[in-house]
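So the structure is just underneath, and the comments pick up after that.
The chains referred to below are lettered A, B, ... by the order of the sequence lines, with proteins before strands, and numbering in each begins at 1. Everything numeric in this text was worked out from a predicted model, so none of it was measured.
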Protein chains: 2
Amino acid sequence: MVEYTSPLDTIFSSLADPTRRDLLRRLRRQDYSVGELAQRYDLTFAAVSKHIQVLERANLVRKHKRGREQRVELSPGGLQQADKYLEQYRALWEGRLDRLGTFLEDKK
Amino acid sequence: MVEYTSPLDTIFSSLADPTRRDLLRRLRRQDYSVGELAQRYDLTFAAVSKHIQVLERANLVRKHKRGREQRVELSPGGLQQADKYLEQYRALWEGRLDRLGTFLEDKK
DNA sequence: AGTATATTCAACCATATAGTTGAATGATAG
DNA sequence: CTATCATTCAACTATATGGTTGAATATACT
């Protein structure tokens, strides 16, 4: 068992949490500070801050300082990698749908 | 903290494990029995069996009995759901970097 | 300077999960 | 019927993770 952790481990485990997916959803519309985001959840500030750190490690968000706050914004990197991973399988189920399509076609 | 676990929780946490991703990779080519898969890893039979159960719960694979073995095959359901989730974000990195949030449907 | 605000860090607790071993179930072959 | 093969179940251990609280750091306000 190797010690190495793949980027996909980090990305997918980040996406596996509903709070973190909700954070991403909000960030699609606009940037927020950590505090603005934290207000929206029934969690402590520290808990939300940790969720954001997890998203950051997965390259799903980026932070940059603005005064005393940290602005959080979406970072497409992680999502792109996840998408690229799924792409390997996309043909597979589209293939099945195609086959179903042709099957229906043949019955006509 | 809500008790409900979304399908996406299950799907993404399944995909977060490298052994499970490797199982899926093998299954892209062909079906295998649980035992055939287990042979390929430096893990106990039971451990691999449990990984497959996790994949099954996430609708990433299906099993069906054949004689005394269980044949395992890919099931596109889970992967499709993951793909549909990522689709909401695809526009963000595919050139349209303007804020188009208003008409994105809000999906957790 | 001194106080308030924003965020992180550290220590800790509870629960979930990956792994093990050994027993139990189920199907096939003699 | 019994022995064997394929798989799962149960109990347990170790580690990772989500959550908390309280202290620490950094910037802003007056």
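Annotation for A:Arg40: atom CZ counts as buried by contact number, over 12 foreign heavy atoms lying within 6.0 Å.
B:Ile52 has its CD1 atom 15 Å from the C1' atom of C:dG19, to the nearest Å. Per the geometry, CG belonging to A:Asp42 stands 13 Å off C1' belonging to D:dT20, to the nearest Å. As a whole-Å value, the separation of A:Arg57 CZ from D:dA16 P is 12 Å. Going from atom CD of A:Gln39 over to atom P of C:dT5 covers 13 Å, rounded to whole Å. Put simply, CZ on B:Phe12 is 21 Å from P on C:dA16, counting in whole angstrom units. Regarding A:Leu37, its CG atom lies at a distance of 11 Å from the P atom of C:dT8, rounded to whole Å. At whole-Å resolution of the value, CG in B:Asp17 and C1' in C:dA18 are 8 Å apart.
For C:dT20, one of the phosphate oxygens OP1 or OP2 lies less than 4.0 angstrom from a side-chain nitrogen or oxygen of B:Thr44. Phosphate proximity of C:dA18 to B:Arg20: present, with a side-chain N or O under 4.0 Å from OP1 or OP2.
Note on B:Arg28 versus B:Glu73: no salt bridge recorded, every NZ/NE/NH1/NH2 to OD/OE distance being 4.0 Å or above.
Toward the 5' end of DNA chain D, the nearer of the two residues A:Arg66 and A:Ser13, judged by each one's closest nucleotide, is A:Ser13.
Listed by first and then second residue, the ring-ring contact (aromatic ring centres under 6.0 Å, His included) pairs that reach into residues 16-55 of chain B come to none, sequence neighbours excluded.
Relative orientation of the B:Tyr85 and B:Phe12 rings is perpendicular, given thresholds of 30° and 60° on the angle between their planes.
Residues A:Lys63 and A:Glu56 are in side-chain contact: their nearest non-hydrogen atoms beyond the backbone lie under 4.5 Å apart. With a 4.5 Å cut-off on side-chain heavy atoms, A:Leu60 and A:Leu74 do not count as touching.
Side-chain proximity of A:Lys65 to the nucleotides C:dA18, D:dA26, D:dG18 is greatest for D:dA26.
Residues B:Leu37 and B:Val54 do not share a hydrophobic cluster, defined by chaining ILVMFWY side chains whose heavy atoms lie under 4.5 Å apart.
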With the criterion being N/O to N/O and under 3.5 Å, what pairs connect the protein with nucleotides 6-10 of chain D, and how long is each?
from	atom 1	to	atom 2	distance (Å)
D:dT7	OP1	B:Val34	N	3.2
D:dT7	OP1	B:Gln70	N	3.0
D:dT7	OP2	B:Gly35	N	2.5
D:dT8	OP1	B:Lys63	NZ	2.7
D:dT8	OP2	B:Ser49	OG	2.6

